[in-house]
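Here the structure comes first, spelled out in structure tokens, and everything after it is commentary.
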Amino acid sequence: MHLEIAKVHKQFDTPQGPLVALKDINMHVETGEFVCAVGASGSGKSTLLRLVAGLEMPTAGEITVDGQPVIGPGADRGMVFQSYTLYPWMTVQENVEFGLKLQGMEAKQRREEASRYLDVVGLAQFSRSLPKELSGGMKQRVAIARALANHPKILLMDEPFGALDVQTKESMQEFLLELWDRLGISILMITHDVSEAVFLSQRIYVLSARPGTIAEEVSIDLGQHRAYAVRRTEPFHHYCDEIMDLLRGTAANTAP
Ligand SMILES: Nc1ncnc2c1ncn2[C@@H]1O[C@H](COP(=O)(O)OP(=O)(O)O)[C@@H](O)[C@H]1O
Ligand SMILES: [Mg+2]
């Protein structure tokens, strides 16, 4: 898997005139990598992920997955959003099966595949529950199972834990890291939470605001199998400080 974002610009036409949301974005994600983009609110993070998902088209530049240009949504890219996007009237199992059904997979195979991924995220015993019966963290695990069941080449996550309380967020971060390690998936996550990005990723793109552009690319060398305790180490805090400084610097540069 090779995701390439090359010289991407995105401009929105608003009643107040053109708004440049993203300017000259160059990024890549390789097989098995966990990459984060961090930036302040309004730096174009969601726009960037929507472009990769094919929900929006760039004004200029190109996005490719294994050399194929992204021209719309596709099963090769699985999305997990911040807000809960499960269908409330469907059971957990039906929610995970939904995309497979759209792909035309037959019922029996669909059921097996969905069960497999509910097992992967540790929710097999909740397959008949409705989303409203689940906690926020569990809903996001269902959303992850639903995305993975489609066998995407890459998982795209837009602040997936942003709506969770601190304790749930921390356990979901550990859960996701363990899942990534176990399944060898490729992940591109967007977040405004610097410590989350440092804890999870191998590389971080730091986005400056207005227009969103890449201020820096930082490699995180904290080892492959990270436990929560890594957050109490000196190198961890050093990375967080470095990225906070970059964000502060870019904020200062773009202040009106
Ligand atoms: N569909 C749209 N039309 C007009 N402006 C938009 C649209 N989507 C996003 N924007 C603007 O683009 C900028 C970046 O937004 P967004 O990507 O949501 O940032 P972030 O996710 O980092 O908070 C913001 O100024 C936002 O108002
Ligand atoms: Mg956003």
Side-chain angles (χ1 to χ4, degrees), residues 3 5-29 34-63 70-73 77-86 136 139-140 143-144 147 154-166 168-169 172-173 176 187-201 203-218 240 243-256:
L3 167 71
I5 301 170
K7 296 187 182 135
V8 161
H9 290 249
K10 181 63 181 177
Q11 179 172 318
F12 291 110
D13 294 314
T14 72
Q16 290 76 39
L19 185 154
V20 181
L22 293 169
K23 191 182 154 198
D24 196 28
I25 301 290
N26 295 290
M27 288 172 59
H28 67 102
V29 183
F34 198 142
V35 174
C36 278
V38 290
S41 171
S43 58
K45 300 185 298 298
S46 292
T47 302
L48 176 64
L49 218 64
R50 288 174 59 78
L51 290 170
V52 178
L55 299 168
E56 305 258 11
M57 289 306 287
T59 310
E62 192 174 51
I63 300 173
V70 168
I71 51 166
R77 286 147 291 140
M79 279 290 280
V80 179
F81 299 91
Q82 172 178 351
S83 56
Y84 307 131
T85 51
L86 303 179
K139 281 184 214 173
Q140 286 307 68
I144 292 168
I154 185 165
L155 201 54
L156 308 174
M157 311 183 91
D158 188 353
E159 311 218 24
F161 311 139
L164 304 175
D165 63 74
V166 175
T168 308
K169 184 176 185 169
M172 286 298 291
Q173 288 167 353
L176 183 63
I187 301 178
L188 174 59
M189 184 195 274
I190 301 295
T191 181
H192 68 267
D193 183 333
V194 172
S195 71
E196 173 169 88
V198 173
F199 179 54
L200 294 175
S201 54
R203 277 191 303 121
I204 296 178
Y205 290 99
V206 181
L207 289 179
S208 70
R210 275 173 255 283
T213 180
I214 291 169
E216 193 71 66
E217 180 185 336
V218 181
C240 290
I243 291 165
M244 289 300 287
D245 284 346
L246 284 165
L247 287 172
R248 240 178 253 121
T250 62
N253 290 341
T254 55

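Remember, predicted model here, so these are calculated numbers, not experimental data. Indexing begins at 1, ligand by ligand and atom by atom, following the structure's order. One-based numbering along the sequence shown.
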Run the numbers for me: atoms of ligand 1, each under 4.0 Å from some heavy atom of Ala40, listed by number. 22 (O)
For ligand 1, which atoms sit closer than 4.0 Å to a heavy atom of Ala21? 12 (O)
Which residue holds the protein heavy atom closest to atom 9 (C) of ligand 1, what is that atom called, and what is the gap in Å? Phe12 CE1, 3.5 Å
Does any N/O atom on Thr14 come nearer than 3.5 Å to any N/O atom on ligand 1? no
Tell me which protein heavy atom sits closest to atom 24 (C) of ligand 1, plus the residue, atom name and distance to 0.1 Å. Gly42 O, 4.3 Å
Less than 4.0 Å between atom 21 (O) of ligand 1 and some protein heavy atom, yes or no? yes
N or O contact, Leu19 vs ligand 1, cut-off under 3.5 Å: no
In ligand 1, the atoms that come under 4.0 Å of a heavy atom of Ser46 are 17 (O), 18 (O), 20 (P), 21 (O)
Has ligand 1 got any nitrogen or oxygen that is less than 3.5 angstrom from a nitrogen or oxygen of Glu56? no
Any atom of ligand 1 sitting under 4.0 Å from a heavy atom of Gly39? no
Considering heavy atoms of the protein only, find what lies nearest to atom 16 (P) of ligand 1 and give residue, atom and distance to 0.1 Å. Thr47 OG1, 3.7 Å
Among all protein non-hydrogen atoms, which one is nearest to atom 19 (O) of ligand 1, and what is the separation to 0.1 Å? Gly44 N, 3.2 Å
Please give me the protein atoms (N, O or S only) lying under 2.8 Å from the Mg ion (ligand 2), ordered by chain and number. Ser46 OG
More than 12 heavy atoms of other groups within 6.0 Å of Lys23 NZ: no
